[in-house]
There are 2 protein chains.
Amino acid sequence: MSKCEQCIVREFSSLKALNKDELIKMANCKTSYTIKKGENIFEEGETVNGIYCIKDGICKLSKLSANGKDQIVKLVKSGELLGQRSMISDEVTNLSAVALEDMEVCFIPKKEILGFFNENNQFSMNVMKTICGDLRESDDHMVSMAQKSVKERLAETLLYLEDTFGKNEDGSLYIQLSREELAGMIGTATESCIRLLSEFNKTGLIDITGKKITILDRNKLKRMAE
Amino acid sequence: MSKCEQCIVREFSSLKALNKDELIKMANCKTSYTIKKGENIFEEGETVNGIYCIKDGICKLSKLSANGKDQIVKLVKSGELLGQRSMISDEVTNLSAVALEDMEVCFIPKKEILGFFNENNQFSMNVMKTICGDLRESDDHMVSMAQKSVKERLAETLLYLEDTFGKNEDGSLYIQLSREELAGMIGTATESCIRLLSEFNKTGLIDITGKKITILDRNKLKRMAE
DNA sequence: GTCAATGTATGACAAATATCATATTTTAAA
DNA sequence: TTTAAAATATGATATTTGTCATACATTGAC
């Protein structure tokens, strides 16, 4: 069993407030998993009795809408925690979490986390701040959905993907989403998404080579996203 | 100075976890305000150094989008708290709060609230749960914006208004929003909103008499909202 | 390697929604 | 009360976006 002390999740998440003793406690009760690309971590409607620490990989949080389309609400990457909201609310999850690449995650049972809440105020505050940050993002995201055109949202999303997940050595976006997934992020039909990507490609904003997307004109994209 | 002990906000919000001593402390440091319809409680970009308790009235939380339209993110009513997110995040607010009716609010300084966080775990947990609930609502709202048509969202919103703010004796919606505000809630142009209201009126889903809107066929509206 | 399945791409068209113009009604100020 | 301003309503039209059809490309199982 590996220690939690040097874990990337500890370094970047609310867990950085935990002391040595607490980390040892956590290491003793955690369960480690490997999750293959495409597999679920949890599904909409499930009860999540703890928190997942993402050691490696990226996953999507999505919600199936009434018309059968999967809306991607958020992408989560290594160093972050998953499932906090449902665990704290004592509700079933409102979102499904699906791996976009092979992942390494650890599960910490609810009981343990609630113990930390009681003993360690800094940890509580960190979790609170994270959730407040999520809430702000979600509200801003909602306004984008309501007020921006599909083209603006696509421009915004491409920039977000580069800023958040970085580039390969050849300059292309590190994260590779299918067109359907990208459409699911911006909330549009797959065909509309493909059409706009083609347009961006033709007007020199981006380059599309096979599955790889490269942002060529950041400034113009930024202006387009407003 | 009135005591906080019998206040409606204490009854319905996270504050119910506070004990007598804490309530007395709070009563001693609070500031009470009257806010007239149309006035701001705070504006997007301001620093909020505390929490507002809404004793009476309803306000809208909105965000000005790049195209100049005001998107209403949430309505908040008496018994609820306001400004928690920004206070906890230590960030300026991302939303403006404007009174939809005359309001009575109390302001509790941040220092006091942080003290309660340290001393009273149940209070911390309550605040956390509230924010988690807000996050869930916001995510769900975002998916509606992204996936539903304007008609579906209008149906959904009318039902929400009746469920949340109730009816007058004549059966009409208690809360009266202008067409522009209603359009701002569902994220559409004012004219589109007006047109759909007319359509709902003609097809017998609702009745419009002057400013008053009455829901006539809940079930059909529910089916329409999916 | 072959082939089916899936993903990507594009055209044609339909539907939804925004925009602009203008009329009518309501509200509030003088 | 009168009058200007604002809100509501509706038509005409343009634009955006979705849907359906189809073609082509890529992938993975056998």
Side-chain angles (χ1 to χ4, degrees), chain A residues 36-38 65-72 100 144-158 172-173 175-203 206-214 224-226, chain B residues 36-38 65-71 100-101 144-158 172-173 175-203 206-214 224-226:
Chain A
K36 291 241 171 286
K37 181 176 175 173
S65 74
N67 58 34
K69 282 184 190 162
D70 223 29
Q71 174 71 31
I72 297 182
L100 291 176
S144 278
M145 288 296 178
Q147 299 286 351
K148 289 188 178 176
S149 68
V150 174
K151 193 185 282 193
E152 290 165 341
R153 280 181 271 150
L154 177 57
E156 190 176 46
T157 301
L158 290 172
S172 63
L173 296 183
I175 191 173
Q176 285 201 3
L177 300 170
S178 70
R179 301 293 190 258
E180 192 178 357
E181 284 169 331
L182 192 52
M185 281 196 76
I186 67 182
T188 190
T190 306
E191 296 95 321
S192 301
C193 175
I194 290 174
R195 239 179 274 275
L196 284 172
L197 282 174
S198 296
E199 191 190 313
F200 284 11
N201 186 27
K202 275 174 200 149
T203 54
I206 62 173
D207 173 78
I208 300 179
T209 304
K211 284 217 169 289
K212 297 195 164 188
I213 296 177
T214 309
M224 181 173 274
E226 275 166 325
Chain B
K36 292 241 171 287
K37 180 176 175 172
S65 74
N67 58 35
K69 282 184 189 161
D70 225 28
Q71 174 70 33
L100 292 176
E101 359 175 274
S144 279
M145 287 297 178
Q147 299 285 352
K148 287 187 178 176
S149 69
V150 174
K151 192 183 283 192
E152 289 165 342
R153 280 181 270 154
L154 177 58
E156 191 175 46
T157 300
L158 290 172
S172 63
L173 295 184
I175 190 172
Q176 285 200 5
L177 299 171
S178 69
R179 302 292 190 259
E180 193 179 355
E181 285 169 332
L182 192 52
M185 282 197 74
I186 66 182
T188 189
T190 306
E191 296 95 321
S192 300
C193 175
I194 290 174
R195 240 178 271 274
L196 285 173
L197 282 173
S198 297
E199 190 190 312
F200 284 11
N201 187 28
K202 276 174 199 149
T203 54
I206 63 175
D207 174 76
I208 299 179
T209 305
K211 283 218 169 287
K212 296 195 163 189
I213 297 176
T214 309
M224 182 174 274
E226 275 166 326

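These figures come from a predicted structure and were not determined experimentally. A note on names: the letters A, B, ... follow the listed sequences, proteins ahead of strands, and every chain is numbered from 1.
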Protein-nucleotide distance ([X], atom [atom1]; [N], atom [atom2]), rounded to Å:
X	N	atom1	atom2	answer
B:R179	C:dT27	CZ	C1'	14 Å
B:E191	D:dT8	CD	P	12 Å
A:E180	D:dT19	CD	P	13 Å
B:I206	D:dT8	CD1	C1'	14 Å
A:L196	C:dA9	CG	P	12 Å
A:I208	D:dC24	CD1	C1'	16 Å
A:I194	D:dC24	CD1	C1'	12 Å
B:K151	C:dA15	NZ	P	12 Å

Closest listed nucleotide, where the reference is the side chain of B:S198 and the choices are D:dA9, D:dT8, C:dT10: D:dA9
Donor-acceptor pair (no angle test) under 3.5 Å: A:R195 side chain, D:dG18 base: no
Sub-4.5 Å side-chain heavy-atom contact between B:L158 and B:F200: yes
Greater than 12 external heavy atoms within 6.0 Å of A:E180's CD: no
Whichever of B:T190 and A:T188 has its nearest DNA chain D nucleotide further upstream toward 5': B:T190
Exercise: identify the closest heavy-atom pair between B:A225 and B:K148: O-NZ, 2.9 Å
